[in-house]
Structure formats: C-alpha cells, structure tokens
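When a ligand or atom number is given, it counts from 1 through the structure's own listing order. Positions are given from 1 along the sequence.
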Amino acid sequence: MTFEYKVADISLAEAGRHQIRLAEHEMPGLMSLRKEFGPEQPLKGARIAGSLHMTVQTAVLIETLTALGAEVRWASCNIFSTQDEAAAAVVVGKGTVEDPQGVPVFAWKGETLEEYWWTAEQILTWPGADTNPELGPNMILDDGGDATMLVHKGVEFEAVGTVPSAAPEDSEEYGIFLEVLRRSLATDPHKWTRTAATIKGVSEETTTGVHRLYQLADQGKLLFPAINVNDSVTKSKFDNKYGIRHSLPDGINRATDVLMGGKVAVVCGYGDVGKGAAEALRGQGSRVIVTEIDPICALQAAMDGYQVAKLESVLPQGDIFITTTGNKDVIMAEHMAGMKNKAIVGNIGHFDNEIDIAGLARVPGVKKVEIKPQVHEWVFDEGTDGERSIIVLSEGRLLNLGNATGHPSFVMSNSFANQTIAQIELWTKRDQDEYENKVYVLPKVLDEKVARLHLDALGVELTELSKDQAEYLDIDAAGPYKPEHYRY
Ligand code: NAI
C-alpha cells in the first residue's frame with residue numbers, strides 16, 4: 001500500500017535504520033514498554049498526530065507507539081531539527097524504498113516556515129476524515145504546542161467565521177500560521193471543530209508547550225485533557241539538564257569547532273536547561289556567567305559557583321552567549337551590536353524569539369554571511385573600530401537540534417517512556433471521565449517506574465527499603481518514595 005509522506009530523500013532509509021537499531025540499544029525504557037505492552041496493544045484504535053523533532057530517537061518513539069497498536073502521522077516541531085535519514089527510515093518501516101510501509105512522515109531538515117505549517121497541517125489531516133470524522137486523528141503528541149495551537153486557533157476562528165489579519169507586532173511566522181487557517185476556513189469551514197471533537201487528549205513534551213497548555217486551561221479554553229510530560233521528574237530533571245549538558249557543546253562544536261576552554265560563556269536563564277548548559281560549558285573549561293530574573297535561580301547559580309550578572313554588564317566580556325529562558329527578547333540587536341568580535345550567539349530554548357534576529361537584520365549596514373547551513377556571520381558596518389562580526393547559530397532556533405542531532409538516546413528514552421505512558425493513560429481512559437479538560441502530570445509511581453527501567457543498563461544497584469524502614473518513613477516499600485511536593 002502506498003501512502004502520503006514527504007521527506008528529503010527516501011533512499012537514506014538504510015542509513016537511518018542502522019542508527020535506529022543502535023539507538024534502540026540505548027533506549028531501554030522504550031524497549032521494555034514494547035515488551036510489557038506489545039501483547040496487550042493498549043494503543044489500538046489511537047490515531048496519533050505527532051509533532052516532535054524528527055530525530056533518530058523520535059523514530060524509536062514512533063515505532064514504539066505503532067508496536068503498541070497506534071496509527072501515527074508525524075511532523076517535526078522545528079524547521080531545522082529533522083534528521084533526514086531517520087525520517088526516511090520511519091517512512092520505509094518494514095517495507096522497501098520502492099514500497100514503503102512505515103509511518104507517514106512530513107519532515108525534512110531546512111523547511112521554510114510555509115512548509116513547516118504545511119507539515120503541521122498534514123499530521124492533522126487524515127485521509128477520509130473530511131467525510132468521516134472517525135478516520136481523523138484522536139490523539140496529539142506535541143512538543144512546544146504548535147499542533148495543539150493549530151487545532152485551538154482553528155476552532156476559535158471557525159466559531160467567528162473569520163481569521164484576523166496579523167498585527168504589526170506579530171512575527172512573520174504568526175502571519176504564515178494565520179494564512180494556513182484562512183485557507184482551511186475557505187475550503188473546509190468546520191475542519192478544526194470536527195478535528196477537535198475527535199481528539200481525546202494531548203501529551204506535551206516541553207516547558208514552553210506546557211506553559212501554553214496551562215494558559216489555555218486557566219482561560220477555560222482547553223478543548224481536551226492534557227498530560228504535562230515535561231514535569232515528570234524523569235523528563236525535566238534529566239532531558240532538560242543532562243540532555244542539554246550533552247547536546248549544547250555538541251552543537252557549538254559542530255557549528256564552530258571553537259575551543260570553549262578559557263572562554264567566557266554567558267548563559268541566560270538558570271532553570272533546568274540553563275543548569276545543564278552552564279555545567280557543560282564549565283566542564284569544557286569556560287568561565288561561565290549566568291543571567292537570571294528569578295532570585296531563587298540566581299542564588300542557586302551563585303552557590304554553584306557562577307558569577308551572576310546582568311547581560312548588559314558582561315556584553316564586552318562574553319565569547320559565547322546561550323539563551324535558555326523560554327522567554328522572548330532576551331538578547332536584542334543592541335546587545336549583539338555591543339559584543340566582542342566573533343562572539344558566538346545561540347539559543348537552546350524552544351522558540352526563536354529569545355534572540356532578536358529580525359532586529360539584527362535591521363541594524364544599518366549589517367551584512368549576513370552564510371558560513372555553512374545554520375551558521376551565519378553577521379558583519380557590522382566597519383565604523384571607526386574596524387570590522388567586527390558575531391556568529392549566530394541556527395538563526396536563533398534551538399542550536400542543539402539545528403547544529404547537532406539533539407539529545408542522546410539514553411536520556412530521550414526517559415522522556416519518551418513518559419510520552420508513551422501518557423498516551424496510554426489518555427487513550428485507555430478516554431471513556432472513563434477520569435481526565436477533564438485540564439493539565440495533569442503522571443502519577444509519581446509511573447515516574448519512578450520510568451527511572452527504574454533505566455537502572456539496569458547503567459549497572460545501578462538500588463537499595464531496598466526494609467519493612468521496618470518503610471513503616472518508619474510511612475511509605476510503601478514499593479513506592480512512591482517521595483511526597484508530591486518533593487522537588488528533587
Ligand atoms: P525553566 O522555566 O526551568 O527555566 C527558564 C529560566 O529562565 C527560569 O529560571 C527563568 O527565571 C529564567 N528567565 C526567564 N526570563 C529570563 C530573562 N529575561 N533573563 C534571564 N533569565 C530568564 O525552563 P527550562 O525547562 O529550563 O526550559 C527552558 C527552555 O528550553 C524552554 O523553552 C523549553 O521548552 C526549552 N527546552 C529545550 C530543549 C532542547 O533540547 N533544546 C530541551 C528541554 C527544554
């Protein structure tokens with residue numbers, strides 16, 4: 001059977017398959033979920049629209065979901081993050097390049113913004129669903145919330161019968177997004193309302209997407225239940241921290257190969273991602289300076305031995321600047337104009353609005369030179385102090401996925417085991433009224449289970465609580481071991 005898909009080059013499938021095979025060995029969480037739940041097929045009937053970086057690790061997630069019975073359509077949640085060989089291998093699946101039999105994937109490295117939103121639409125547009133909604137998607141697996149936003153905004157605009165024009169302060173991307181909805185309203189005025197009605201839930205991967213979900217829930221606008229995967233301890237305290245500790249230097253190295261030792265690195269934000277970033281840079285011998293707005297995180301950074309300063313105070317000192325805030329307008333054009341010659345600027349937070357690339361392009365006389373894809377030198381007008389330039393990675397999008405291949409498999413096995421469990425929870429309990437249109441986190445016992453699935457592979461010997469000790473602590477010897485308020 002042929003099916004729709006769009007990837008860069010289907011003939012890369014074999015290369016992708018080799019990498020997926022090696023990744024499976026490093027993803028014990030996902031592989032043991034396949035073993036545990038494969039026979040039961042708990043995701044049978046689930047039709048999952050997935051929007052998450054189309055990497056080798058994600059390929060193992062996708063094939064876990066299908067091994068548990070789900071049908072899946074997939075797109076990347078970032079224009080630069082796809083690994084083309086992984087996308088090709090997922091499409092081919094158990095078939096051949098000539099007769100692919102895997103999963104419809106719509107993702108390639110280097111999408112335009114128009115293409116990006118086209119791919120997002122494709123994962124929510126299932127064959128036959130226009131006449132029979134039962135054939136449409138009934139679950140979303142999201143990273144950053146774009147697929148969820150498409151459905152919610154679509155429903156909102158269909159209700160009023162019109163899509164507004166972008167405001168002058170809106171980004172170019174938002175204008176493109178509105179155009180997609182304008183087109184769909186013109187051709188199928190109930191598409192998103194119909195789609196939303198069949199969706200039983202969403203599981204969300206990252207801090208920024210979770211933030212959007214809580215906003216929708218607080219406004220009473222969330223259209224289906226959501227599981228916040230990010231705030232499983234085995235996600236945010238591992239992927240966001242140890243994953244970044246690995247993939248940030250990987251991105252900087254592949255992009256620039258500049259020696260980090262001895263350099264001054266400025267990390268904006270000291271949340272989970274910032275902590276991993278600062279540790280990685282210090283590990284390379286950089287002198288790290290942190291910026292923060294939250295006194296608790298600022299104090300943590302200081303106690304961890306980092307200088308904490310305002311960005312403005314350290315602009316001329318920094319050799320490397322990394323944003324990790326999930327906030328907007330963190331490094332502005334005027335900041336970049338004040339940096340030293342050949343300073344490197346990159347973002348590892350979810351969206352590209354942390355660094356003001358649009359403002360940089362408006363600096364009088366500035367020139368953009370492509371060193372290689374996802375590495376650009378911005379040369380400032382010579383002025384009186386000679387030529388000066390800065391190096392911007394991945395055009396301000398998350399550099400660990402744009403310049404490298406994202407987090408390694410082992411840490412993603414933790415994140416994606418949480419994703420798989422969340423999908424099973426929402427899908428199998430869809431008719432039990434257990435989940436309302438609110439945002440939930442997985443129960444601690446499942447969080448502990450995810451950790452447990454990864455211990456053997458690292459040779460961890462876990463101490464067992466005696467009955468007496470368990471009674472003394474007033475907990476079950478089988479867990480959960482900590483109260484909900486414990487912060488790890
Ligand atoms: P977090 O909320 O734990 O940390 C962000 C920190 O930035 C907070 O401590 C906050 O006080 C600080 N902050 C906010 N505005 C600031 C400003 N103007 N200047 C300095 N500090 C500021 O969030 P987390 O989990 O660390 O995630 C950060 C971002 O990274 C999110 O967008 C998240 O979605 C993304 N992320 C990216 C990953 C990747 O692979 N690239 C992996 C995981 C998360």
Identify the protein heavy atom lying closest to [atom], giving its residue, its atom name and the separation to 0.1 Å.
atom	result
atom 32 (O) of ligand 1	T208 OG1, 2.6 Å
atom 39 (C) of ligand 1	N400 ND2, 3.5 Å
atom 29 (C) of ligand 1	G349 CA, 3.7 Å
atom 15 (N) of ligand 1	N327 ND2, 3.0 Å
atom 24 (P) of ligand 1	T207 OG1, 3.6 Å
atom 33 (C) of ligand 1	T206 OG1, 3.4 Å
atom 1 (P) of ligand 1	G271 CA, 4.0 Å
atom 5 (C) of ligand 1	T325 O, 3.5 Å

Is there a nitrogen or oxygen of [X] sitting under 3.5 Å from a nitrogen or oxygen of ligand 1?
X	result
T324	no
H350	yes
V273	yes
D239	no
K235	no
E292	yes

Is there a heavy atom of S236 sitting under 4.0 angstrom from any atom of ligand 1?
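S236 does not count as a contact of ligand 1 under the 4.0 Å cut-off.
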For I244, is the nearest heavy atom under 4.0 Å from an atom of ligand 1?
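Heavy atoms of I244 do come under 4.0 Å of ligand 1.
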Has K6 got its NZ or CZ under 6.0 Å from the middle of the six-membered ring of W108, at an angle within 45 degrees of the ring axis?
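Cation-pi check for K6 and W108: passes.
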[X] side chain to [Y] backbone, donor-acceptor under 3.5 Å:
X	Y	value
T324	C268	yes
H454	V450	yes
S413	G29	yes

Under the side-chain contact (heavy atoms from CB on, under 4.5 Å) test against F321, which residue among L311, I344, V264 passes?
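Among L311, I344, V264, the one meeting side-chain contact (heavy atoms from CB on, under 4.5 Å) with F321 is L311.
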Are D84 and K109 ion-paired here, with the side-chain N under 4.0 Å from a carboxylate O?
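Result for this pair is no, no salt bridge flagged.
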Can we say D146 and R212 salt-bridge, meaning some charged N sits less than 4.0 Å from an Asp/Glu carboxylate O?
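Judged by the 4.0 Å cut-off on N to carboxylate O distance, D146 and R212 do form a salt bridge.
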Nearest heavy-atom pair of T405 and Q57: which atoms, and what distance?
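Closest approach of T405 to Q57, heavy atoms only: O-OE1, 4.1 Å.
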So, for N403 and G251, which heavy atoms are closest and what is the spacing to 0.1 Å?
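Nearest heavy atoms, N403 then G251: CB-O, 3.5 Å.
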Which atoms of ligand 1 are found less than 4.0 Å from any heavy atom of C297?
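Every atom of ligand 1 under 4.0 Å from some heavy atom of C297: 9 (O).
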Given side chains that start at C-beta, do those of I322 and L399 come closer than 4.5 Å, heavy atoms only?
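Contact flag for I322/L399 side chains = yes.
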Which of these, I348, I296, D272, has its nearest heavy atom closest to atom 37 (C) of ligand 1?
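When every heavy atom of I348, I296, D272 is considered, I348 comes closest to atom 37 (C) of ligand 1.
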Heavy atoms only: which of N240, I293, T291 is nearest to atom 17 (C) of ligand 1?
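The option holding the nearest heavy atom is I293.
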Where does the angle between the aromatic ring planes of H152 and F224 fall among parallel (under 30°), tilted (30 to 60°) and perpendicular (over 60°)?
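It falls in the perpendicular class, over 60°.
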